[in-house]
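Just below is one structure, and these are the notes that go with it.
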Amino acid sequence: MPFGLIAIILAAKMIYAYIRVSTDKQTVENQRFELRKFAAERGIAIDKWVSETVSGTKAAKDRKLGGLLRKMRKGDTLVISEISRLGRNLMQIMGILNLCMGKETKVLTVKERYELGNNINSQILAFAFGLSAQIERDLISQRTKEGLARRKAEGKRLGREKGQRNTHYKLDKKAALIRQMLADGKSKAAICRRVKCSYVTLTRHLERRGQ
């Protein structure tokens, strides 16, 4: 490969899209739709997608995000749906943004419409909304604790009443699929693999539904 072509490839600016959901009950498709729409509006093409199901409290280095950040080079761009996709506390978010700015990479957020680069305005803005996000979470946590304390003081039971049955089960949303697989003669083992559950969980589901 000619040296000039290698230089062009190495100098090419990459645009990465990062998607994170906290649990397997959430879907990455909503974020993917938002990012694609945003990219179309901005007239940019996303070169690589990185998605994962992991808590934002987990350190970036222990997530796929960590590998992505190490890979990014000067001039690259990271696109996310919102700033909370990076982490769940102020120091973590600020550390990631500081790393991006130090590498002279750009961070674009869809919902907040922030465009963060290696400049003082970006650093001030990053601190402002990072602090706001932290305060918001602290207030929600505090309101939750106060609400629970108030219910307890009023003599109200916390959590599900004793003897009350759970009306929501893991496999309820997949009941139609399970029913169809049974009709097709599929084994319980095959169904477990498909719906990603244990044999015991499937058996209990079938017993509740009289199958």
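Only a predicted model underlies this, so the values are computations on that prediction, with no experimental measurement involved. Values below: all heavy atoms of this structure, side chains included; hydrogens, waters and symmetry mates excluded.
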Distance-only check: which donor-acceptor pairs under 3.5 Å involve side-chain atoms of residues 185-200, not counting sequence neighbours?
residue: Ser187; atom: OG; partner: Ala190; partner atom: N; Å: 3.1
residue: Ser198; atom: OG; partner: Thr201; partner atom: N; Å: 3.1
residue: Ser198; atom: OG; partner: Thr201; partner atom: OG1; Å: 2.9

Got a list of side-chain donor-acceptor pairs under 3.5 Å for residues 31-46, not counting sequence neighbours?
residue: Gln31; atom: OE1; partner: Arg20; partner atom: N; Å: 3.4
residue: Gln31; atom: OE1; partner: Ser81; partner atom: OG; Å: 3.4
residue: Gln31; atom: NE2; partner: Arg20; partner atom: O; Å: 2.8
residue: Glu41; atom: OE1; partner: Arg113; partner atom: NH1; Å: 3.4
residue: Glu41; atom: OE1; partner: Arg113; partner atom: NH2; Å: 3.2
residue: Arg42; atom: NH2; partner: Glu115; partner atom: OE1; Å: 3.2

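- If you take NZ on Lys111 and CD1 on Ile80, they are separated by 11.0 Å, rounding to the nearest 0.5 Å.
- Among all heavy-atom pairs drawn from Arg85 and Val21, the shortest one is NH1-CA, 4.2 Å.
- Of the possible donor and acceptor atoms, one in the side chain of Asp47 sits under 3.5 Å from a partner among the backbone N and O of Ile15.
- Once rounded to the nearest 0.5 Å, the distance linking CZ of Arg208 with CG of Leu206 reads 9.0 Å.
- At least one donor-acceptor pair under 3.5 Å links the side chain of Ser55 to the backbone N or O of Thr57.
- Checking side-chain atoms of Gln180 against main-chain N and O of Ala176 turns up no donor-acceptor pair under 3.5 Å.
- Atoms CE and NZ, from Met101 and Lys106 in turn, are 12.0 Å apart once rounded to the nearest 0.5 Å.
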- Task: Evaluate side chain to side chain contact (heavy atoms under 4.5 Å, CB included) for Tyr18 paired with Leu65, printing each intermediate quantity in order.
- Result: CA-CA 7 Å; Tyr18 175 68; Leu65 176 61; 3.7 Å; yes
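- In terms of modelled atom types and a separation under 3.5 Å, the side chain of Glu112 and the main chain of Ile83 share a donor-acceptor contact.
- Closest non-hydrogen pair, Ser51 versus Val28, comes out as CB-CG1, 4.4 Å.
- In this structure, CD on Glu207 lies 10.0 Å from CG on Leu202, to the nearest 0.5 angstrom.
- Formation of a donor-acceptor pair under 3.5 Å by the Lys48 side chain with backbone atoms of Met14 is not found in this model.
- In this structure, Leu116 CG and Leu97 CG are separated by 6.0 Å, a value rounded to the nearest 0.5 Å.
- Here the side chain of Thr105 pairs no donor or acceptor atom with the backbone of Arg73 at under 3.5 angstrom.
- With Arg63 contributing its side chain and Val54 its backbone, the two residues share no donor-acceptor pair below 3.5 Å.
- Counting heavy atoms from C-beta outward, Trp49 and Ile19 have side chains that approach closer than 4.5 Å.
- For the side chain to side chain contact (heavy atoms under 4.5 Å, CB included) criterion with Met72, the lone passing option out of Thr77, Leu78, Leu99 is Leu78.
- Considering CG of Leu69 and OH of Tyr16, their distance stands at 10.5 Å, rounded to 0.5 Å.
- With sequence neighbours excluded, the residues satisfying side chain to side chain contact (heavy atoms under 4.5 Å, CB included) with Glu104 are Lys74, Asn118.
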